[in-house]
Amino acid sequence: MATTSSHQDTPGHTEPGTSREDNEPNRALRSIFRYDLPASIVVFLVALPLSIGIAIASGAPVMAGLLAAIVGGVVVGAIGGSPLQVSGPAAGLTVVVATLIDQFGWQVTCFITVAAGVLQILFGLSRIARAALAIAPVVVHAMLAGIGITIALQQVHVLLGGTSQSTAWENITAVPSQLANLHVNDLLIGAAVIAILLGWKYLPTSVRRIPGPLAAIVIATAAAALFGLSVERITLDGSLLDAVALPSLPQGAWGGVAVGILTVALIASVESLLSAVAVDKLHTGPRSNFDRELIGQGSANVVSGMIGGLPVTGVIVRSSTNVASGAKSRASAILHGFWILVFSVALVGLVQQIPKSALAGLLIVIGIQLVKLAHIRTARRTGDLWVYGVTVAAVVFLNLLEGVLIGLALAVAILLWRIVRVNVDARNAGTESEPRWFISITGSSSFLALPRLTRAFGEIPTGSPVRIELDADYLDHAFSEAIEDWTRQHRATGGTVEIVELGSARIDASKAQPPRRSAASAHHLRDALAPWNRRHRPGSQSHPPALRPLLDGVDDFHSNHADLLRPHLTRLADSQDPDSFFLTCSDSRVVPNVITASGPGDLFTVRNVGNLVPVDNDVSVDSALAFAIDELNVSSVIICGHSGCGAMNALLSNSVAAQPIQEWLGHAEPSLSAFRAGHPVARAAATEGFSEVDQLAMVNVAIGLQTLQRHAVVGRARAEGRVRIAGLFFDIGTARVLEVTTSGIRHLADDADLPESESTVEAAGSGGH
């Protein structure tokens, strides 16, 4: 159930003698001091070393990074469309900026930044911001990975006490000579920074309140000063005001400048929009206005370029830190820019004490972290690994724009191939003496697939019985005509042909109208899942009334769905090999295979009233667990409760009359006692707005998990690493599944993996129920 606020925090409430107008500013001011001010300081401490390091990696003046951080915080924070996003110089543009500086010089690069900002403003005004999100995520992930690898290759030389080369290949080939001229002090400082950053997450929470990048740079700088190490340090040419410089127009080469403008504008826009999307997933406050965000980013780039700063983008590292630190409004981003300004004016001498190798170590870690194993696994799982690898290689060894264009071209080519590709498989399911041929056709069936179709037809002996299973979502006239022509010819030679149309596209329709994709398959799915009382046609007397819904459903299965399942069920005919033991309630609204998107053979399912795990060794549950774990070797044991559970309602209200049910629900008394004692799962569920019955249902899952951990069979298998335990809760009203642990609840992302139950102890705090 939703918690209530005190009177002074209730929207619309006004104290006697106080106007609403007086109340709103006061409330906003209190929120800024309580949440945004502390968060801004944390973000400032994270942004400071990153801004300096990115400027050095780009080959720009050091102060250019600080100027961009100030402008990004204040300008984008004030007028951008993503309230909790923090902007500044980003690693994603490091390679591009370094190339532009090398080709045109610093002041012309500033002009390119200004022009790119104007282009971004036009993007925002034309309301095409969402179109930038049409770039395949695998290409964006690969682009970031390529940038990360490039940064790491550059900074390895600085870490070793040398200077980075102009290309990735030169950086690779120059490593042996750089090792021969190794500067030990620089290596020690850089290695210390890397070690601190990699080990920071393992330190106590109280220590980790200090941002890791800040701590690493401070420790490395202090160590270099304390031990008097001879290392190369950052050099600044004057103060922040001295660094302010107007951009210069290019002297010719306008084609290259135009490409640079477009490159900076597109990359800065896409990176900012993707970061804004990611930030929206981290909090429950106002959503981002993408068009306004582009206007804010473009305005910041105009200002930053005009005063001699680096290009500005939304930065996910700073933004996620901002959200995690408790920021509630755009005031945090604005204040973080103000703190950088104060530091740059008053404490600039401290910057010149920082060893370059310390920032190199920081940038190497940032670069490596841009290469995410999760993105590689996703690309492999979705068949996009080639796109990922080619894009990364092109970004590293060519340049960023060419790499992205090559990646997009390859992604589009693979997409087209998948769209027009059709699988045609011909096989003899009978014997040599009594052949029985099956031709399976799956996919978009167009004239492009005719060679494959005719090759399959050529394998069929004359006079054989043939069954054609056509599962097409797109079917053009040429393809359907080829099937009909061959069918007539085969029947004329004494053969038989049975055509079963499983997909949404039909042969008759292809002859009557232009080919098009159809949503009929979704209609079939809705029919398959529809309740009996809606699916059954009134007046049907094919079966006696009491059995009519069930047996009519069997008829429907035989007519429309058995052909789809038959190939899969044939493989399961002799044995089962389920992945998970699934214990859930007997409630008719909970359909395990639907909510887990699984099929026959995937789940070993046990159901009882209230999804209970009896402590006193119920024979039914124990035998099922023993068989699933020791005989079937399942890898997971899952308990799944659900909302609106009648067993939990009866337990909570003590309203059970039937003796057998009373005895059975006695197994749930530990859950009821834990709920009344304020179990943390109940508190987390209450915060999410769940009713008391649903809170008890979640506690019942948590107690079941604890019981399973102590269970003889499950506990032994778990200790041997053969099985994992997890809890789920199915919220029927929203059709969402949550994870329940022994200590809290968690909203599952679409691609989330279930951790071991006790490893997730934090209650979910995002997203209202």
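When all heavy atoms of Gly72 and Val312 are compared, the closest pair comes out as CA-CG1, 3.8 Å. The nearest pair of heavy atoms linking Ser446 to Asp476 is CA-OD2, 3.2 Å. In terms of heavy-atom proximity, Leu66 sits nearest to Ile52 at CD2-CG1, 3.9 Å. Across every non-hydrogen atom of Val315 and Pro89, the tightest pair is CG2-O, 4.0 Å. Residues Ala482 and Leu453 approach most closely at CB-CD2, 3.9 Å, considering heavy atoms. Closest heavy-atom contact between Leu100 and Gly260: CD2-CA, 4.0 Å.
The backbone N or O of Gln178 lies less than 3.5 Å from no partner atom in the side chain of His157, so there is not a single donor-acceptor pair. A distance-only check finds no donor-acceptor pair linking the side chain of Thr113 to the backbone of Gly305 [under 3.5 Å]. Side-chain atoms of Gln155 do not come within 3.5 Å of backbone N or O of Ile364 as any donor-acceptor pair.
Taking Ser51 as the reference, Arg318 meet the side-chain hydrogen bond (donor to acceptor under 3.5 Å, both in side chains) condition, with sequence neighbours excluded. Evaluation of the side chain to side chain contact (heavy atoms under 4.5 Å, CB included) rule for Ser332 yields Asp36, Ala39, Ser40, Asn322, Ala327 as partners, not counting sequence neighbours.
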The test is side chain to side chain donor-acceptor pair (under 3.5 Å); show your working for Ser272 and Glu293 and say whether it passes.
CA-CA 8 Å; Ser272 298; Glu293 180 65 14; 5.4 Å; no
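The structure places CD of Gln103 at 9.0 Å from OG1 of Thr109, a figure rounded to the nearest 0.5 Å. A distance of 7.5 Å separates CZ in Arg127 from CD1 in Ile295, rounded to the nearest 0.5 Å. One finds the CD1 atom of Ile189 at 10.0 Å from the CD1 atom of Ile217 (value rounded to the nearest 0.5 Å). Distance check, rounded to the nearest 0.5 Å: CG of Asp280 to OG of Ser288 gives 3.5 Å. Asp291 contributes atom CG, which lies 8.5 Å from atom CG of Leu273 (distance to the nearest 0.5 angstrom). Summarising the geometry, atom CD1 belonging to Ile79 is positioned 9.5 Å from atom CZ belonging to Arg330; distances are rounded to the nearest 0.5 Å.
A side-chain donor-acceptor contact under 3.5 Å links Gln120 and Ser269.
The aromatic rings of Trp254 and Phe111 sit perpendicular to each other, their planes meeting at more than 60°, with 30° as the lower class boundary.
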